[in-house]
Amino acid sequence: MSGLRDTYQELANRVEDVTELYGEYASLHEAFSVLLEEVGELGQEVYAMERSIGRIRAEAMDVAVVALRILREWPLVREGEICDVRVGV
């Protein structure tokens, strides 16, 4: 279980470091765009001809960091106020 705790701590540290470096997201749209970019980068590593578990782990951590920042920075999402997001309605 300590491995999982270590991963949680690493994620918490990275969330703080990234937020300090770049600031909070300007909008939920920006956060979603960053999330899509990170998921794409993870996908590239997963499907690479020469896989590196280190690069895959780093990209997976980036995805998790963005997701955690969305949960932390957007109070309505964090508090469960937003249950359904509709685009173009």
Side-chain angles (χ1 to χ4, degrees):
M1 189 68 168
S2 69
L4 190 55
R5 278 192 217 116
D6 292 344
T7 300
Y8 289 152
Q9 187 60 55
E10 183 180 354
L11 277 169
N13 293 342
R14 289 193 56 196
V15 166
E16 294 305 320
D17 292 346
V18 168
T19 304
E20 184 177 316
L21 183 63
Y22 297 110
E24 292 188 348
Y25 292 118
S27 68
L28 197 50
H29 294 97
E30 177 190 12
F32 184 65
S33 294
V34 174
L35 181 61
L36 288 177
E37 178 183 345
E38 295 301 341
V39 168
E41 291 173 5
L42 174 59
Q44 288 176 344
E45 293 301 332
V46 167
Y47 291 106
M49 294 297 285
E50 294 182 28
R51 288 190 189 136
S52 163
I53 193 65
R55 288 194 309 260
I56 291 171
R57 184 180 191 283
E59 293 301 339
M61 288 291 287
D62 289 347
V63 170
V65 166
V66 174
L68 287 171
R69 288 185 66 199
I70 290 170
L71 290 171
R72 185 183 74 174
E73 293 176 21
W74 294 93
L76 294 177
V77 173
R78 183 181 64 240
E79 296 169 7
E81 298 281 333
I82 297 176
C83 298
D84 187 24
V85 177
R86 296 182 184 170
V87 178
V89 176

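Counting begins at 1 with the first residue of the sequence. Worth saying up front: this structure is predicted, and the values here are computed from it rather than measured.
Taking CD from Gln44 and CD from Glu59, the interatomic distance works out to 8.0 Å, rounded to the nearest 0.5 Å. Atom CZ of Arg14 is separated from atom CG of Asp62 by 4.5 Å, given to the nearest 0.5 angstrom. With rounding to the nearest 0.5 Å, the separation of OG1 in Thr7 from CG in Leu11 is 7.0 Å.
Taken together through direct or relayed side-chain contacts under 4.5 Å among Ile, Leu, Val, Met, Phe, Trp and Tyr, Tyr47 and Val63 form part of one hydrophobic cluster.
Between Glu41 and Arg55 there is no salt bridge, since no side-chain N of the basic residue sits under 4.0 Å from a carboxylate O of the acidic one.
Ala48 and Arg51 get closest at one heavy-atom pair: O-CG, 3.6 Å. Nearest heavy-atom pair, Tyr25 versus Glu73, reported as atom, atom and distance to 0.1 Å: N-OE1, 2.9 Å. In terms of heavy-atom proximity, Leu35 sits nearest to Ala67 at CD1-N, 4.5 Å.
No hydrogens or angles considered: a donor-acceptor pair under 3.5 Å links the side chains of Thr19 and Arg72.
Side-chain contact check for Glu30 versus Ser27: some heavy-atom pair is nearer than 4.5 Å.
Of the candidates Gln9, Glu16, Glu10, Gln9 is the only one forming a side-chain hydrogen bond (donor to acceptor under 3.5 Å, both in side chains) with Asn13.
The backbone N or O of Val66 lies less than 3.5 Å from no partner atom in the side chain of Glu38, so there is not a single donor-acceptor pair.
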